[in-house]
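Chain naming here is simple, since letters A, B, ... match the order of the sequence lines and numbering starts at 1 in each. Just the heavy atoms: all of them, side chains too, but no hydrogens, waters or symmetry mates, feed the values below.
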2 protein chains.
Amino acid sequence: MYTHLMSTSERLIESTRELLWERGYVGTSPKAIQQHAGAGQGSMYHHFTGKPDLALTAIRRTAQEMQATAEAALAGDGPAYDRVAAYLLRERDVLRGCPVGRLTMDPDVIADEELRAPVTETLEWLRERLAGIVQEGLDRGEFSGTLDAGEVASAIVATVQGGYVLARATGSPAAFDAGVRGLLALLAPRA
Amino acid sequence: MYTHLMSTSERLIESTRELLWERGYVGTSPKAIQQHAGAGQGSMYHHFTGKPDLALTAIRRTAQEMQATAEAALAGDGPAYDRVAAYLLRERDVLRGCPVGRLTMDPDVIADEELRAPVTETLEWLRERLAGIVQEGLDRGEFSGTLDAGEVASAIVATVQGGYVLARATGSPAAFDAGVRGLLALLAPRA
DNA sequence: GTCTATATAACGATAGAC
DNA sequence: GTCTATCGTTATATAGAC
């Protein structure tokens, strides 16, 4: 699946990231990872102590990447609504779901404190980042009504995570888009 | 796990429902189901052709139950906001997640048209049910601004589904509640 | 670092006795 | 209807040669 421009270790990590995204932790076997990476058993157990170790490395990298992607959309100094909209409307591989959020449905990930930590931290970071932006908007009087920045931020993150669920349920990204448009309409300053 | 007030077949179905909720389709083995139900291999394969057959029965029942639970909260003829709020604020086993929504992250469920159908239908039914209620509210002038009922309904369902993700990520129902309150605040008619 | 061989258990199912 | 036996495959490694 990967060219040999990547080291074996690197190919194992990237393969694990893809398989975790597609099939989750429980559904991803060491054998599948090795085949995807074009590596033998020996290689995998040389570079990593086992499946949990490799998964942890993969999950941490995916969490970092998600944070960076979100930050890229959220950065800037425009109106809060615009920054939130930029985040919500950014291009996504909707039908694949969120590579971090999907791990919350994986019992073995949730049960393992180490595997779960990057998931918790990433979603918490996102929620707080959005809360800060919404609070800025509130301070500037950009929104109507009395809103709690943390609660609105939670609703934003939840809409995205739930949008993936709806999209995968219907087999179409349209459901994700509809949810996002609904939330943005509610968030928009109204007459 | 179950008393013998239930038939073996019934115990197998209920056990499957619980395990699917907790561990998903990929993470639920026939053996685990049999042990949970206090039934032997023979019994399971006598009553069902295999894991997919049993899972289909379990998923259909769970989908029906979810629909009934949602309908109970949505029924009535009060203001649309109140009915939506009743649905959003109803008691939930938040940390367990949604027994239907979680199946969208199960690759084997999504890949199988039969297993996936109840999931699709339930979430679509819910979205449409909510859209009808929101539309009623719009028709009666209960909401401010120009809103699309279907989009708002999508945002509502997404907030719930995503709320479960946030709750499981943080290990606390608080994140779910925050998202719900955020959405309700946005939905509330404002000055 | 990578390979092959080997090991224990679980997975998902079938066969046939009772 | 339920039980035990058996089956071929996969999961998750470990051992040791190269």
Side-chain angles (χ1 to χ4, degrees), chain A residues 1-59 103 105-112 114-115, chain B residues 1-59 103 106-112 114-116:
Chain A
M1 292 298 252
Y2 285 117
T3 69
H4 281 243
L5 297 174
M6 260 187 263
S7 69
T8 298
S9 157
E10 210 39 44
R11 271 164 20 235
L12 284 164
I13 297 169
E14 289 303 310
S15 293
T16 304
R17 277 170 19 100
E18 289 196 20
L19 290 170
L20 283 180
W21 194 354
E22 198 178 318
R23 306 197 41 86
Y25 183 83
V26 172
T28 298
S29 70
K31 190 181 194 175
I33 294 169
Q34 292 150 26
Q35 288 176 342
H36 190 282
Q41 300 253 86
S43 293
M44 179 182 142
Y45 287 100
H46 171 74
H47 292 288
F48 303 93
T49 67
K51 173 175 162 175
D53 182 31
L54 177 48
L56 179 58
T57 304
I59 290 173
L103 297 173
M105 296 304 151
D106 233 306
D108 292 5
V109 170
I110 293 300
D112 184 319
E114 235 181 341
L115 291 178
Chain B
M1 289 303 251
Y2 285 117
T3 69
H4 281 242
L5 297 175
M6 259 186 263
S7 69
T8 300
S9 158
E10 213 33 48
R11 275 169 12 240
L12 284 164
I13 297 169
E14 288 302 311
S15 294
T16 303
R17 275 168 22 96
E18 290 196 22
L19 290 170
L20 283 180
W21 194 354
E22 197 179 318
R23 307 197 38 87
Y25 183 84
V26 172
T28 298
S29 70
K31 189 180 195 177
I33 294 170
Q34 292 150 25
Q35 289 178 341
H36 190 281
Q41 299 253 85
S43 295
M44 179 181 142
Y45 287 100
H46 170 72
H47 293 287
F48 303 93
T49 67
K51 173 176 164 177
D53 182 31
L54 177 48
L56 180 57
T57 304
I59 290 173
L103 297 173
D106 234 307
D108 292 6
V109 170
I110 293 301
D112 184 320
E114 236 181 340
L115 291 178
R116 175 185 168 163

Do B/Ser9 and B/His47 pair up side chain to side chain, a donor and an acceptor below 3.5 Å, judged on atom types alone?
no

Rounded to whole Å, NZ of A/Lys51 lies from P of D/dT14 at a distance of 15 Å

Please say which of B/Thr28, B/Ile59, B/Thr49, B/Ile13 ends up in a side chain to side chain contact (heavy atoms under 4.5 Å, CB included) with B/Leu54.
B/Ile13

Interatomic distance where CZ belongs to B/Phe48 and C1' belongs to C/dT14 [whole Å]:
18 Å

Looking only at side-chain atoms of B/His47, point me to the closest of D/dT14, D/dG1, D/dA11.
D/dG1

To the nearest Å, how far apart are A/Gln35 CD and D/dT10 C1'?
11 Å

Protein N or O to nucleotides 3-10 of chain C N or O, pairs below 3.5 Å:
from	atom 1	to	atom 2	distance (Å)
C/dC3	OP2	A/Gly40	N	3.2

In this structure, how many angstroms lie between the P atom of C/dG12 and the CE atom of B/Met44, rounded?
9 Å

Find the distance A/Arg11:CZ to C/dT2:P and express it as a whole number of Å.
8 Å

Check every atom of C/dG12, C/dG1, D/dT2 against the side chain of B/Thr8 and return the nucleotide holding the closest atom.
D/dT2

Interatomic distance where CD1 belongs to A/Ile33 and P belongs to D/dT10 [whole Å]
16 Å

Distance (rounded to the nearest 0.5 Å) between A/Leu115 CG and A/Tyr25 OH
5.5 Å

So salt bridge (Lys or Arg N to Asp or Glu O under 4.0 Å) across residues 13-30 of chain A, not counting sequence neighbours, yields A/Glu14-A/Arg17, A/Glu14-A/Arg61, A/Arg17-A/Glu65, A/Arg23-B/Asp108

Using whole Å, report how far CD of B/Gln34 lies from C1' of D/dG1.
14 Å

A/His46 NE2 to D/dG16 P, in whole Å, measures 18 Å

Once you round to the nearest 0.5 Å, how far does NZ of A/Lys31 lie from CD1 of A/Ile33?
13.0 Å

Without swapping roles, check the side chain of B/Asp106 against the backbone of B/Val109 for a donor-acceptor pair under 3.5 Å.
no

